[in-house]
Number of protein chains: 2
Amino acid sequence: MTRTWRKDTAHPEAPPRSRTTIADIAEAAGVSKPTVSRVLNQRGDVAPATRRKVEEVAAELGYVPSPGARALRTGRHGALGLLLPPEPWGGLVDVVYGVSEEAAARQMNVMVFPLPAEREAQRRFATTTLPHLPIDGLVALMPDGMLLHRGAIPLSGARIVAFDDRGIRPGIPYVETTNREGVRDVVGHLVAHGCRRIAFTGGTAELAFAQARYEGYLDGLRDAGLPYVPDRVLRSDDDVPSEVEIRRLLTAEEPDGPPDAVVAAWDEIATAVGHVAYELGLRPGRDLALTGFDDRPEVELMFNGLTTVHQPLREMGQASVRLLLEILDHGPGPGNATVPTHLVVRESCGPHAADGTPLPLKSPLQNES
Amino acid sequence: MTRTWRKDTAHPEAPPRSRTTIADIAEAAGVSKPTVSRVLNQRGDVAPATRRKVEEVAAELGYVPSPGARALRTGRHGALGLLLPPEPWGGLVDVVYGVSEEAAARQMNVMVFPLPAEREAQRRFATTTLPHLPIDGLVALMPDGMLLHRGAIPLSGARIVAFDDRGIRPGIPYVETTNREGVRDVVGHLVAHGCRRIAFTGGTAELAFAQARYEGYLDGLRDAGLPYVPDRVLRSDDDVPSEVEIRRLLTAEEPDGPPDAVVAAWDEIATAVGHVAYELGLRPGRDLALTGFDDRPEVELMFNGLTTVHQPLREMGQASVRLLLEILDHGPGPGNATVPTHLVVRESCGPHAADGTPLPLKSPLQNES
DNA sequence: TTGTACGCGTTATCAT
DNA sequence: ATGATAACGCGTACAA
């Protein structure tokens, strides 16, 4: 009877129940604290009978371990951080779910941190807040402009993995996807549909992923031996090009007629293009092939389905956690992980035969040359 | 020199840097540990000179507090949990950001937990996982079917706030929005546009929020003295009604012609309706008024802008945190919070005069009776 | 296989 | 205003 009666620190009206500790279990089971600890941590060197007895008593007393005490003792918090970009975006949910699920499967919790929008606040977060966080590692979705090196988390010992980064930040392991190859594939599919005047729109070289997708477009043209036509490329600083710009792209006659296909760098842009196409009397999938990138569920409803490239955000989230834990457990290695995109063929790229073979579109505006 | 040299528990190649503690600071500053603690915790009863000295030394030594030790001692983790529904949904990002921001402003961290899809796993989560979590409270977005009472988190002492719940779970404080009033308002706006044959679609009575929106539709009809016409209501079990169902709704002639407006219970449904409308040659905002609910940014691009009801998910997230902390600090009160929706007028409900006055649509299919 | 003894870093209590 | 001391709950040497 070494334990004194502790008063409840919660609100007065709450019953004065004090926490069950391993000491309580030890006393009730007639063993010592370390033995209880060994049982609870699934360690082998315990007699089966003792084990059963302890587990029984623990369940009976409703024992709940104290995360704080464990963290203090072990130095690990059993938690990961997830750094989110300042601007919310629907796809982030998938990242959050992927990271959380993989973490949960490995008995880890996930803390989320939306980054402030202002640069100074970002710096403060990285230098002041980050090191104090009760996390063992960090999965970071950073704006391309933000630099963060390992040393930025000096004393917490936290390790870091960058999400969707292509080696922009030297020394930081990252998880990426096949932005470039994904667009290359989609161009190939359009070519199989008989498209020859394939346009591209979206993003600028500032955005690393947009640049990669643009290069995939160039790859695709090259694969098919198609010429590069500047008027068929619309790259804009805005998230989504203006209606006027899109209209100009869709009606650019040089050199051999208007585009018979438009590859958008992400689904929202494809949505906008589809809208303008409707205005022009062009129905995506019938008169014009149209593709997106990301495979956002929100746009699935349009055009009887938008053909797009699935970006595996959820799987990338999972991969980030695996990579991070690998680093935490075995130290930093050559690291990095690539999760492949895949083509999702729906209706907006044109008709298909019963066996899935792409068929040509029947564009009323098409000038066969 | 009471401190012994502690070896680094990290990887061998890491430099053997040991953590700076308040004991180190105390020694270097020539004061005692409690004094350092007082300074670091901004408590008043410290001499200015001492304070400056301690702060100086702490900065110099790069002191970082140990969250585990603090949690052990205080019994508070400085973290909140955010329970997410099994199915990801774009709007959840706003909730996550709202909760995180408000929490960060109050020096709290946020842990996210997507709920498993299977009922048994949900039960296990509530009974087994939840009590062990290093959190002080929980904001819960639960499927309507899931029950969770205060006692479900017995030993962690965590308190709980339900998100977007309308008192379904007795005893649990909640944050809600004005689903019903929001739709009532939008119907009123359509009436101002001259619409008289207003249809409604989306959801069933199973979904509490969908039911509330349906009732708002009925309120709106009643306000305007318009009759309830069963053929103008399409409520479906699916997330989004089928194209066939929507087509039937849009072409229902009884008793006085097809609908001149469609109120969708959420934006995705409005998107689908808009798509079918286009197929029928009806352009939203010109030939047919169309409204949504939620104000998802993804659909903003369509129809030159979808008139909709903004659901303040971010603000609701913030309110949840405020309510939860209120409960943590001062005990449970009469609680609950309501964050109002507001109407977002764009183009899909019809034209407006320069001063914003709603103008009537010119529907070619309209039979004035 | 099990028990003894101690320390992790912090804050609360009390005394000065 | 400050210091000595103890305690939070757990894990881990080391001894038995």
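Chain identifiers are assigned alphabetically (A, B, ...) following the order of the sequence lines, protein sequences preceding nucleic acid strands; residue numbering begins at 1 within each chain. Side-chain atoms are counted along with the backbone in the values below, which use heavy atoms only and exclude waters and symmetry mates.
- Listed nucleotides: C:dC8, C:dT11, D:dA1. Nearest to the side chain of B:T74: C:dT11.
- Counting heavy atoms from C-beta outward, A:L133 and A:F113 have side chains that approach closer than 4.5 Å.
- A rotation axis mapping the C1' atoms of four pairs onto the next four is fitted at both ends of the helix from C:dT1-D:dA16 to C:dT16-D:dA1 over five pairs, and the angle between these axes is 30° to 10 degrees.
- In this structure, the nucleotide among C:dG9, C:dT2, D:dA1 sitting nearest to the side chain of A:A47 is C:dT2.
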Without placing hydrogens or testing angles, list every side-chain donor-acceptor pair under 3.5 Å for residues 31-38 of chain A, not counting sequence neighbours.
| from | atom 1 | to | atom 2 | distance (Å) |
| --- | --- | --- | --- | --- |
| A:S32 | OG | A:T35 | OG1 | 3.3 |
| A:S37 | OG | A:N41 | ND2 | 3.3 |

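- Residues from residues 48-60 of chain A lying near DNA chain C, meaning a heavy-atom separation below 4.0 Å, are A:T50 in numerical order.
- B:R76 comes within 4.0 angstrom of no nucleic acid atom, judged by non-hydrogen atoms across all strands.
- For the pair A:D24 CG and D:dC8 P, the computed distance is 10 Å after rounding to whole Å.
- Look at B:R43 and you won't find any side-chain N or O under 4.0 angstrom from OP1 or OP2 of D:dA1.
- For A:H77 and C:dG9, the NE2 to P distance is 11 Å, given to the nearest whole Å.
- Remark: B:E120 engages B:R123 in a salt bridge, criterion side-chain N to carboxylate O under 4.0 Å.
- Put simply, NE2 on B:H132 is 15 Å from C1' on D:dG9, counting in whole angstrom units.
- Looking only at distances, a side-chain donor or acceptor of A:D136 sits under 3.5 Å from a matching main-chain atom of A:G78.
- Rounding to the nearest 0.5 Å places OH of A:Y174 at 11.0 Å from CG of A:D164.
- Spacing between atom CD1 of A:I25 and atom C1' of D:dG9 amounts to 11 Å, rounded to whole angstrom units.
- Rounding to whole angstrom units, CG of residue B:N41 and C1' of C:dG9 are separated by 12 Å.
- Closest approach to the A:L72 side chain among D:dT2, C:dT10, C:dG9 is made by C:dG9 (side chain taken as heavy atoms from C-beta onward).
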I'd like a table of atom pairs between the protein and nucleotides 3-6 of chain D - only N or O on both sides, under 3.5 Å - with the distance next to each one.
| from | atom 1 | to | atom 2 | distance (Å) |
| --- | --- | --- | --- | --- |
| D:dG3 | OP2 | B:S32 | N | 2.9 |
| D:dG3 | OP2 | B:S32 | OG | 3.0 |
| D:dG3 | OP2 | B:T35 | OG1 | 2.6 |
| D:dG3 | N7 | B:R38 | NH2 | 2.9 |
| D:dG3 | O6 | B:R38 | NH1 | 3.4 |

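- Between the CD atom of B:Q107 and the CG atom of B:L325 there is a distance of 11.5 Å, given to the nearest 0.5 Å.
- A heavy-atom distance below 4.5 Å is found between the side chains of A:V54 and A:I25.
- Applying the side-chain hydrogen bond (donor to acceptor under 3.5 Å, both in side chains) rule to B:Q42 yields no partners; only residues at least two apart in sequence or on another chain are considered.
- Summarising the geometry, the separation between CD on A:Q42 and P on D:dG11 is reported as 12 Å, rounded to the nearest angstrom.
- Contacts of B:E176 classified as salt bridge (charged side-chain N to carboxylate O under 4.0 Å, His left out), with partners at least two apart in sequence or in another chain: none.
- Here A:R106 pairs with A:E102 in a salt bridge; the nearest charged N to carboxylate O distance falls below 4.0 Å.
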